[in-house]
Amino acid sequence: MKQEQVEKLFQWVDETATTISEDMNITYLEAIAETMDVLFNGQPFDDMSEGLQTHLTNELLKMKKEEFEKEEIRKATQLTILKGMKGATQQQHLITPDSVAMFMGYLASKLFEDHKELKLFDPASGSGNLITSVMNQLEMDLTAYASEVDPTLIQLAVANANLQKNEIEFFHQDSLAPFLMEPVDFVLADLPVGYYPDDVQASRYKLKAGDGLSYAHHLFIEQGLNYTKEGGYLMFIVPNFLFDSDQSKALNSFLREEAHIVGMLQLSDSLFKDEKHGKSILILQKKGNGAEAPKQALLAKLPSFKNPDAMSDILGQMNQWFDDYKAKQL
């Protein structure tokens, strides 16, 4: 991946999206999706003004999508989406930090290194940065699914996946409603944290609250397990207080029945402005199909990703842990 290519594509998408936003009177985020669709299509769309079509036709002459690698496209679009999200008011318009997405790709490659094919699902895909980052690091045949309720974010995710040539089947729906989908090998998500407003939908879940609103992040974990094969894995970005909240007793009991905790990796405090917003990566394995709990779960507090020596040291320890864990699974 070449940084100059990332910068070149970012500048083109940024300037083009700004023009489209002004001409079509839509938000910058919506215009990014339009821009990526135009680049993927290779020409403007008929519902655009004549002046905008002429401008875009000229701009497309300067840019060939075939010149860019998958990761260059993902990085450039991520930068423009981050710029757009600074002006977005909706709380759900957030993006998984790139270093965390890349690290989860590494973890996935260790969990599934012996697989020749893999089915994966992100039930909270947002703009698609996490699932495409992980897919770009897995060297096997992939069948991918993703779900997102926000119309702008799913438009961005589809355009993002198309440009990267990542085949993903998207569901535009409430991700806590049922899916027409068979269970998969791997569920991953950056979980939305907070209360879930639909009591009727929440009543379907074992982790519904006894009184008041249920935690969305608890329900997403249960939903993830619903769509994971026996023996399959789940990897979630979760709040550090996951097991210390007022509803955590029910979550602990549920997980003891349904899954093995494979690992809990606390992300560096440097990634978060406030310690109370700190997060961790939770790795689970659904029980069944001969799955056994690890002799010792993978527990660590990760150093800053900007500290190469400390990261190299902990990756060495983790690689040894995975070797031991996989040997036990055979």
Self-check item: side-chain hydrogen bond (donor to acceptor under 3.5 Å, both in side chains) pairs, two or more places apart, involving residues 99-109
Solution: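 Residue pairs with at least one partner in residues 99-109: Y106-N319.
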Quiz item: Looking at F236 versus F220, is the centre-to-centre ring distance below 6.0 Å?
Solution: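 No: the rings miss the under 6.0 Å criterion.
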Do [X] and [Y] come within less than 4.5 Å of each other through their side chains, counting heavy atoms only?
X    : Y    : value
V100 : I237 : yes
M264 : F243 : yes
Q137 : M104 : no
I20  : L56  : yes
L130 : D122 : yes
N136 : Q164 : yes
S49  : M24  : no

Self-check item: Residue pair F103, F305: steps toward the ring pair (Phe, Tyr, Trp, His ring centres under 6.0 Å) verdict
Solution: CA-CA 9 Å; F103 188 71; F305 289 111; 5.7 Å; yes
Exercise. Given side chain to side chain contact (heavy atoms under 4.5 Å, CB included), test E59 with H55 step by step and report yes or no.
Key: CA-CA 6 Å; E59 288 301 307; H55 174 80; 3.6 Å; yes
Quiz prompt | Test item: E67 side-chain N/O and M63 main-chain N/O as donor-acceptor pair under 3.5 Å | solution =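 Not a single qualifying donor-acceptor pair exists.
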Self-check item: For L163, side chain to side chain contact (heavy atoms under 4.5 Å, CB included) partners two or more places apart
Solution: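 Per chain and number, L163 pairs via side chain to side chain contact (heavy atoms under 4.5 Å, CB included) with M36, L39, F40, K65, I73.
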Exercise. Could you note down all residue pairs passing ring-ring contact (aromatic ring centres under 6.0 Å, His included) where residues 137-179 supplies at least one of them, sequence neighbours left out?
Key: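 Every ring-ring contact (aromatic ring centres under 6.0 Å, His included) pair that includes a residue of residues 137-179, provided the two are not neighbours, is F121-F179, F171-F179, F179-Y227.
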Self-check item: Pairs touching residues 246-284 that satisfy ring-ring contact (aromatic ring centres under 6.0 Å, His included), sequence neighbours left out
Solution: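 Checked against ring-ring contact (aromatic ring centres under 6.0 Å, His included) - neighbours excluded - no pair reaches residues 246-284.
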Quiz item: What residues, two or more places apart in sequence or in another chain, satisfy side-chain hydrogen bond (donor to acceptor under 3.5 Å, both in side chains) together with D199?
Solution: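 Once residues adjacent in sequence are excluded, D199 has no partner under the side-chain hydrogen bond (donor to acceptor under 3.5 Å, both in side chains) criterion.
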Practice problem: Could I get the full list of side-chain hydrogen bond (donor to acceptor under 3.5 Å, both in side chains) partners for Q53, not counting sequence neighbours? | Solution: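 None.
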Quiz item: So M235 and L107, side chain to side chain contact (heavy atoms under 4.5 Å, CB included) or not? Walk me through it.
Solution: CA-CA 9 Å; M235 193 184 302; L107 293 171; 3.6 Å; yes
Donor-acceptor pairs under 3.5 Å, side chain of residues 278-285 to any protein atom, not counting sequence neighbours: which ones?
unit_1: S280; atom_1: OG; unit_2: N240; atom_2: OD1; d: 2.6
unit_1: Q285; atom_1: OE1; unit_2: Y325; atom_2: OH; d: 3.3
unit_1: Q285; atom_1: NE2; unit_2: G231; atom_2: O; d: 3.0
unit_1: Q285; atom_1: NE2; unit_2: Y233; atom_2: OH; d: 3.4

Can you confirm whether [X] is buried at [atom1], in the sense that more than 12 heavy atoms of other residues, nucleotides or ligands lie under 6.0 Å from that atom?
X    : atom1 : value
Q266 : CD    : yes
E4   : CD    : yes
E139 : CD    : no
N25  : CG    : no
Q11  : CD    : no

Practice problem: List for me each residue that meets ring pair (Phe, Tyr, Trp, His ring centres under 6.0 Å) alongside F241, sequence neighbours excluded, and say none if there are none. | Solution: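 Residues passing ring pair (Phe, Tyr, Trp, His ring centres under 6.0 Å) with F241: none at all.
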Exercise. Please assess K326 against E113 for the test side chain to side chain contact (heavy atoms under 4.5 Å, CB included), listing each intermediate value before the final yes or no.
Key: CA-CA 10 Å; K326 297 307 265 185; E113 62 184 350; 4.2 Å; yes
Please output the side-chain donor-acceptor pairs of residues 185-192 that fall under 3.5 Å, not counting sequence neighbours, one pair per line with the distance.
unit_1: D185; atom_1: OD1; unit_2: K229; atom_2: NZ; d: 3.2
unit_1: D185; atom_1: OD2; unit_2: K119; atom_2: N; d: 2.7
unit_1: D190; atom_1: OD2; unit_2: T96; atom_2: OG1; d: 2.9

Self-check item: L153 side, atom CG; S125 side, atom OG - distance, nearest 0.5 Å
Solution: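 The OG atom of S125 is 8.0 Å from CG of L153, to the nearest 0.5 Å.
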Exercise. Would you check if there is a donor-acceptor pair between the side chains of T80 and D14 at a distance under 3.5 Å?
Key: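 Distance-only check fails for D14 and T80.
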Quiz prompt | For K70, all residues meeting salt bridge (charged side-chain N to carboxylate O under 4.0 Å, His left out), sequence neighbours excluded | solution =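 K70 satisfies salt bridge (charged side-chain N to carboxylate O under 4.0 Å, His left out) with no other residue.
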Practice problem: Kindly write out the residues that satisfy salt bridge (charged side-chain N to carboxylate O under 4.0 Å, His left out) with E71, not counting sequence neighbours, or none if the list is empty. | Solution: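 Once residues adjacent in sequence are excluded, the partners of E71 under the salt bridge (charged side-chain N to carboxylate O under 4.0 Å, His left out) criterion are R74.
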Return all side-chain donor-acceptor pairs below 3.5 angstrom for residues 286-294, not counting sequence neighbours, or 'none' if the list is empty.
unit_1: K286; atom_1: NZ; unit_2: L225; atom_2: O; d: 2.8
unit_1: K286; atom_1: NZ; unit_2: T228; atom_2: O; d: 3.0
unit_1: K287; atom_1: NZ; unit_2: R256; atom_2: O; d: 2.5
unit_1: E292; atom_1: OE1; unit_2: K328; atom_2: NZ; d: 3.1

Quiz item: Under the side chain to side chain contact (heavy atoms under 4.5 Å, CB included) criterion, do Q223 and N226 qualify, and how do the steps go?
Solution: CA-CA 5 Å; Q223 179 76 318; N226 289 339; 3.3 Å; yes
Quiz item: Using 4.0 Å as the upper bound for N to carboxylate O, is an ion pair formed by D141 and K116?
Solution: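 No salt bridge links K116 with D141.
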Quiz item: When you look at K301 and D269, which way does the salt bridge (Lys or Arg N to Asp or Glu O under 4.0 Å) test go after all the steps?
Solution: CA-CA 9 Å; K301 181 169 182 178; D269 296 335; 3.1 Å; yes
